[in-house]
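Note sheet for the following structure.
Below, chain A is the first sequence line, B the second, and so on; all start at residue 1. Nothing here was measured: the structure is a model prediction, and the numbers come from that model.
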Amino acid sequence: MTTSGPASSPAPKSMDAIMALCKRRGFIYQASEIYGGINGFWDYGPLGSQLKKNLREAWWQDMILRPCWGRSGPNGAPVRCVPVETRIVQHPKVWEASGHIAGFNDPMVDCRETKGRYRYDHVMVYVPESGDPGDKPVFAYVGDQPSEARQKKKAEKTFGAGAIKSVPLASFPQPWGRIIAPDAEKPGSLTEPRQFNLMFKTYIGALATEDDVAYLRPETAQGIFVQFKNVVDTTRVKVPFGIGNVGTSFRNEVTPRNFTFRSREFEQAELEFFCHPDESVAWYKFWRDFRMEWWKSIGLAGDNLILREHEKDELSHYSQGTSDVEYRFPFTAPGFGELEGIAHRGNYDLTQHQKVSGAKLEYNDTERGELLPNGQRRGERYLPHCIEPAAGLDRGVLALICEAYTKDESRPSPELLKLHPRLAPIKAAVFPLVAKDGMPEVAETLHTELTERFWRQGAIEMDEKQSIGKRYARMDEAGTPFCFTIDGDTLTGQTVTVRDRDSGQQQRVGLDKVGDFLAAKLGL
RNA sequence: GAGGGUGUAGCUCAGUGGUAGAGCGUCACGUUGCCAACGUGAAAGUCGAGGGUUCAAGUCCCUUCACCCUCUCCA
């Protein structure tokens, strides 16, 4: 989904340069590259996998461990969320209930001439009464489309007025080369019907017969709905509350492209927040606004991030609101690409699973209903409504890299990644200004001290090779926010320089204050 | 799926049918006094893959794979 942005957009960054840096510095590699690559799959290198882990953990911390940074929701109480971890392979009926199987099993035909695509079962053809057109063409159309009248006219001209009938394309036995596609001029432009299976198929069990067919999940959310009742029954959660689920999903995208943006294997971080129907719109607005704020907090702070509220006619019938957090990627500019969707899903999913599985999924809310003489509430049974903030972690990583990527020819090191310190895979580096006079030893001591204190957050690097400028430049490309340099004054005055990645500016801090300085910068 | 473009060292790219190249990066040694410094050297290539034409193919032909762009699709 893309929309156009303000006209004042700056020139887009070069995606080629970003991809080159991602490879060069070990953020992202093509999957199976030495075998020629595999369409729609990408691997993360040492820095990329750490960056992605930092993003995943930031989500987990701010959504599960301390939801919304400890804020209260619209009900005035702190937001409460719990995690689950559900499987990639679910019972096939899960996807039947969710609508994923039904919605994506339609064979399609394409027109080579007009590039149009039609549902095979929607296409009709005009043929002569006899059913045998001989060596003449037949005319395909789609009901209630302009093509219907146009093709009818042509068919009547070919076979005579009143001498034609229409039959479904599927029942037409003639060679494909005879068919004129609905919006085409020449025969033979229509492809044979093709199945678009957006879900990855697999088999359970070693025999792998057609009875054993299962699917790799196209989204993590359904695992949450399927376990909703178990979570309610076995933990002390009360509506309103959320269940989060992070993991890999698979979609056989028709055209994977734009680097990792549309991959066939990707990771989602999804929350389903369950609430009473009367409060659902308030919760929807709450989550929509918080998710936007969250992406801003980790570095997507500029004009490149927008919140786009869906129009009424874009909404599913059960939804009372859907928004996308969208980022202006270099390849979507001046438009935007979706990072996260926040959807009011009503009780659609629980209703579906209740229907298909036969299990009762209603929630008994003991805090609602009329007040009884004994001081208790009578209770109210209902299917909770659901607000779904569903984020793409791979798209998040890509957006972070694109936003952070900066080219400044005035710098000695023109390319750098201005990654937020919380997300940066390498948190800091320690350098001796020159590799002599005892500086390497002091640096090594500081490096060890910082590593022991900060290893949970990310790497602390030590580098004494080559010139100081080259070492700064290397850290710039890796997105390391701070470099601590041991120089001659360290040996006499017990201070080091701190070099800020984005400005290149330096300040001195005490050797024994370096850890506290870094902790403050990392928000610890 | 359709059309177009690209594929040669980690990156960016030269390479006219006749010995596989450059810049940058990487590594080693020397030097060093805050921004890809300098000197000397080294490693690094299935020329995307497979087949064909040819005495000879990175180069020409066919097939195929991947990436980029434009359509199409995107629960």
*Anything under 30° is parallel, anything over 60° is perpendicular, the rest tilted; go ahead and classify Trp287(A) against Phe273(A).*
tilted

OP1 or OP2 of [N] less than 4.0 angstrom from a side-chain nitrogen or oxygen of [X], does that happen here?
| X | N | value |
| --- | --- | --- |
| Asn39(A) | C67(B) | yes |
| Lys465(A) | C27(B) | no |
| Asn252(A) | C73(B) | no |
| Lys23(A) | G10(B) | no |

*Look at the side chain of Arg257(A) against the base of C68(B) and say whether a donor-acceptor pair falls under 3.5 Å; ignore hydrogens and angles.*
no

Using salt bridge (charged side-chain N to carboxylate O under 4.0 Å, His left out) as the criterion, list what pairs up with [X], not counting sequence neighbours.
| X | value |
| --- | --- |
| Arg87(A) | Glu85(A) |
| Arg395(A) | none |
| Glu265(A) | none |
| Lys407(A) | Glu409(A) |

Atom [atom1], compared across [N] and [M]: separation rounded to whole Å:
| N | M | atom1 | value |
| --- | --- | --- | --- |
| U63(B) | C11(B) | P | 29 Å |
| U64(B) | A2(B) | P | 10 Å |
| G18(B) | A57(B) | C1' | 10 Å |
| C73(B) | A49(B) | P | 36 Å |
| C62(B) | A9(B) | C1' | 29 Å |
| G58(B) | G48(B) | P | 10 Å |
| C55(B) | G17(B) | C1' | 12 Å |
| U19(B) | A36(B) | C1' | 34 Å |

_From Glu338(A) atom CD to Thr332(A) atom OG1, the distance as rounded to the nearest 0.5 Å_ = 12.0 Å

*Which of residues 85-96 of chain A have a heavy atom under 4.0 Å from RNA chain B?*
none

In whole angstroms, how far is the [atom2] atom of [N] from the [atom1] atom of [X]?
| X | N | atom1 | atom2 | value |
| --- | --- | --- | --- | --- |
| Arg262(A) | C67(B) | CZ | C1' | 16 Å |
| Met19(A) | U6(B) | CE | P | 17 Å |
| Phe331(A) | C67(B) | CZ | P | 14 Å |
| Leu198(A) | U72(B) | CG | C1' | 13 Å |
| Glu33(A) | G7(B) | CD | C1' | 12 Å |
| Asp349(A) | A75(B) | CG | P | 14 Å |
| Phe261(A) | C67(B) | CZ | C1' | 17 Å |
| Ile38(A) | C65(B) | CD1 | C1' | 11 Å |

Strand partner of [N], provided both Watson-Crick or wobble distances fall under 3.5 Å:
| N | answer |
| --- | --- |
| G3(B) | C69(B) |
| U46(B) | none |
| C38(B) | G30(B) |
| C60(B) | G52(B) |
| C24(B) | G10(B) |
| G17(B) | none |

*asked:* Check Glu461(A) with Arg474(A), please: is the shortest side-chain N to carboxylate O separation under 4.0 Å?
replied: no

_I'd like to know if Arg25(A) pairs up with Glu415(A) as an ion pair, taking the criterion as any Lys NZ or Arg NE/NH1/NH2 lying under 4.0 Å from an Asp or Glu carboxylate oxygen._
no

*Taking only the side-chain heavy atoms of Ala20(A) (C-beta and beyond), determine which of A75(B), C74(B), C11(B) contains the nearest atom.*
C11(B)

*Given RNA chain B, 5'-ward residue of the pair Leu21(A) and Arg264(A), judged by closest heavy atom*: Leu21(A)

*Please tell me which of Asp437(A) and Arg251(A) maps to the more 5' nucleotide of RNA chain B, matching each residue to the nucleotide holding its nearest heavy atom.*
Asp437(A)

*What pairs meet the ring-ring contact (aromatic ring centres under 6.0 Å, His included) rule with one or both residues in residues 460-512 of chain A, with sequence neighbours excluded?*
Phe431(A)-Tyr472(A), Phe482(A)-Phe517(A)

Remember a base hit wins even if backbone is also touched, and classify [X] as base, sugar-phosphate or nothing at under 4.0 Å, heavy atoms.
| X | answer |
| --- | --- |
| Gly341(A) | nothing |
| Met439(A) | base |
| Lys436(A) | base |
| Phe431(A) | nothing |

*Regarding Thr86(A) and Asn245(A), is there a side-chain donor-to-acceptor distance under 3.5 Å anywhere?*
yes

_I'd like to check the ring-ring contact (aromatic ring centres under 6.0 Å, His included) partners of Trp295(A); sequence neighbours left out, ordered by chain and number._
none

_I'd like to check the ring-ring contact (aromatic ring centres under 6.0 Å, His included) partners of Phe261(A); sequence neighbours left out, ordered by chain and number._
Phe329(A), Phe331(A)

*asked:* Does the protein touch nucleotides 34-52 of chain B at the base, only the backbone, or not at all? Give it as B, S and - per nucleotide, heavy atoms under 4.0 Å.
replied: BBBB--------B------

